[in-house]
Every structure is written in structure tokens, then in C-alpha cells.
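What follows is one structure encoded as C-alpha cells, with my remarks underneath.
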Amino acid sequence: MKNESGRSLIELIGTMAIAGIITASSVHMYHAIRHSHIRKMADIQLEQIANDTKLLFGMRGNYDGVSVEYLIKAGALKSDIPPIGDKGWNITSSYDGLSFSINLMNLNNGDCEYFAYVKPDWAKIILVNGYEMSDGISHCTTNAMNQISFIVE
């Protein structure tokens with residue numbers, strides 16, 4: 001009887017299946033880490049925007065006239081690209097001018113949930129799709145049409 005030292009087809013298929021499972025889990029972990037990093041960087045950028053706006057308008061005593069365009073002209077923002085989400089974002093003053101809001105639009109459900117539950121210290125109130133985040137319910141929808149508003153005083 002001839003003694004062969006090669007691998008059988010079953011062993012080869014088993015090895016490839018294990019390699020496929022490891023590769024798929026690695027890709028999934030990479031995407032999870034990447035999304036976490038993007039959200040954290042957006043959080044840092046939003047805090048910087050809030051602090052720069054407070055600094056810029058603080059001596060005036062009100063936030064009348066605040067906008068993305070104004071902050072770009074003043075040098076507080078480099079561009080009109082939002083920290084996260086679609087290009088639909090803005091910064092607006094309240095009616096009395098005593099506060100302003102940073103409004104992110106067209107967020108997906110995951111980004112909406114993240115910002116709804118991770119309440120930053122620099123925001124007094126967070127509105128999710130028009131509802132205040134105080135009751136533990138996120139009010140995020142499953143589509144990519146969510147809006148988060150950070151109210152800053």
C-alpha cells in the first residue's frame with residue numbers, strides 16, 4: 001500500500017472555512033472600530049465648534065447671526081462639511097439669542113442612537129427628531145432621516 005503525505009480535500013475545505021470565518025469576523029471588527037472612531041472624532045469636532053462659537057459670540061452677549069457660513073468667514077470653521085452625516089447641517093440661534101443649536105441632519109440609526117445616549121457636557125439639551133432626550137427613549141428612526149440638535153448656552 002502506498003503511503004501519501006498530502007492533505008485530503010475535506011481537510012482543505014475545513015481549513016478554508018476556518019480562514020473565511022476569521023476573515024469575516026476581522027472585517028466586521030474593523031468596521032465596528034472604524035465607526036466608533038468616526039463618531040468619537042465627530043463628538044470632538046462638535047465640542048470644538050461649540051467652544052469656538054461661544055468664544056466668538058461670548059463678548060456680544062447673544063448668538064444672533066450665528067451660522068456655518070459666518071463661522072467659516074470668522075475662521076472658526078474650515079469648511080461646511082459636517083462632522084458626521086449628510087451635508088445637511090446648520091448652526092442657528094434661538095429666538096431670544098441666548099443659545100444656539102448645532103443641527104445634524106440625515107443621520108443613520110446607529111449615529112442617531114450614539115449621539116442620543118452619549119450626552120456631551122457642552123450641550124444643555126439634545127433634541128432627537130424634535131423630541132427632548134430626557135425620558136430615556138431615543139426617538140431615532142430606522143431610516144437615515146434622523147436629526148439631532150445640540151442646544152448650547
Side-chain angles (χ1 to χ4, degrees), residues 11-58 62-153:
E11 290 172 327
L12 184 61
I13 290 172
T15 304
M16 290 177 61
I18 291 170
I21 290 169
I22 291 171
T23 301
S25 63
S26 297
V27 168
H28 176 71
M29 285 301 295
Y30 168 76
H31 286 296
I33 292 169
R34 183 173 174 267
H35 284 292
S36 176
H37 178 72
I38 289 170
R39 289 175 182 151
K40 186 62 180 166
M41 292 305 297
D43 194 18
I44 291 168
Q45 288 176 347
L46 289 166
E47 181 178 11
Q48 188 65 45
I49 291 167
N51 290 337
D52 289 350
T53 304
K54 284 181 179 180
L55 186 64
L56 189 61
F57 283 84
N62 67 46
Y63 296 103
D64 289 335
V66 68
S67 67
V68 172
E69 293 78 22
Y70 184 86
L71 293 175
I72 290 171
K73 288 178 187 174
L77 283 177
K78 293 180 182 175
S79 71
D80 64 348
I81 298 172
I84 196 166
D86 200 3
K87 287 194 181 268
W89 79 301
N90 60 44
I91 301 172
T92 58
S93 168
S94 64
Y95 291 113
D96 59 6
L98 298 178
S99 64
F100 66 95
S101 64
I102 302 172
N103 309 299
L104 301 174
M105 296 168 221
N106 300 329
L107 294 177
N108 65 38
N109 187 38
D111 293 338
C112 180
E113 293 281 342
Y114 173 82
F115 286 108
Y117 287 112
V118 179
K119 184 179 187 288
D121 296 334
W122 50 267
K124 182 176 180 187
I125 300 169
I126 296 177
L127 299 176
V128 179
N129 294 323
Y131 298 100
E132 187 173 345
M133 259 308 291
S134 61
D135 53 5
I137 300 171
S138 72
H139 302 289
C140 294
T141 61
T142 55
N143 61 20
M145 300 302 287
N146 293 297
Q147 178 178 340
I148 299 268
S149 296
F150 300 96
I151 311 299
V152 184
E153 291 185 343

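These numbers come from the heavy atoms of this one structure, side chains and all, not from hydrogens, waters or symmetry mates.
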Residue pair R39, D111: steps toward the side chain to side chain contact (heavy atoms under 4.5 Å, CB included) verdict: CA-CA 7 Å; R39 289 175 182 151; D111 293 338; 2.6 Å; yes

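Summarising the local packing, NZ of K124 is surrounded by 12 or fewer heavy atoms from other residues, nucleotides or ligands at distances under 6.0 Å. Around CE of M145, the count of heavy atoms belonging to other residues, nucleotides or ligands within 6.0 Å does not exceed 12.
Rounded to the nearest 0.5 angstrom, C112 SG and Y117 OH are separated by 9.0 Å. The CE atom of M41 sits 11.0 Å away from atom CG of L46, with the distance rounded to the nearest 0.5 Å. Atom-to-atom distance recorded for N90:CG and D80:CG is 11.5 Å, nearest 0.5 angstrom. Residue N143 holds its CG atom at 10.0 Å from CG of N108, rounded to the nearest 0.5 Å. To the nearest 0.5 Å, atom CD of residue Q45 and atom CD of residue Q48 are 9.5 Å apart. Taking CG of D64 as the start and OG of S93 as the end, the distance is 4.5 Å to the nearest 0.5 Å.
I84 places none of its side-chain heavy atoms less than 4.5 Å from the side chain of W89. A 4.5 Å side-chain heavy-atom check between I91 and L71 finds at least one atom pair inside the cut-off. At a threshold of 4.5 Å between non-hydrogen side-chain atoms, the residues D43 and W122 count as touching.
Checking side-chain atoms of N146 against main-chain N and O of T141 turns up a donor-acceptor pair under 3.5 Å. Of the possible donor and acceptor atoms, one in the side chain of S94 sits under 3.5 Å from a partner among the backbone N and O of S99.
Here the closest heavy-atom approach between residue S149 and residue N103 is recorded as OG-OD1, 2.6 Å. Contact between L104 and P83 at its shortest, heavy atoms only, is CD2-CD, 4.2 Å. Between L56 and A74, the shortest heavy-atom contact is CD2-CB, 3.6 Å. The shortest non-hydrogen separation linking Y63 to T53 is CE2-O, 3.9 Å.
Taking the six-membered ring where the residue is Trp, Y131 and H139 present parallel rings, their angle staying beneath 30° rather than reaching 60°.
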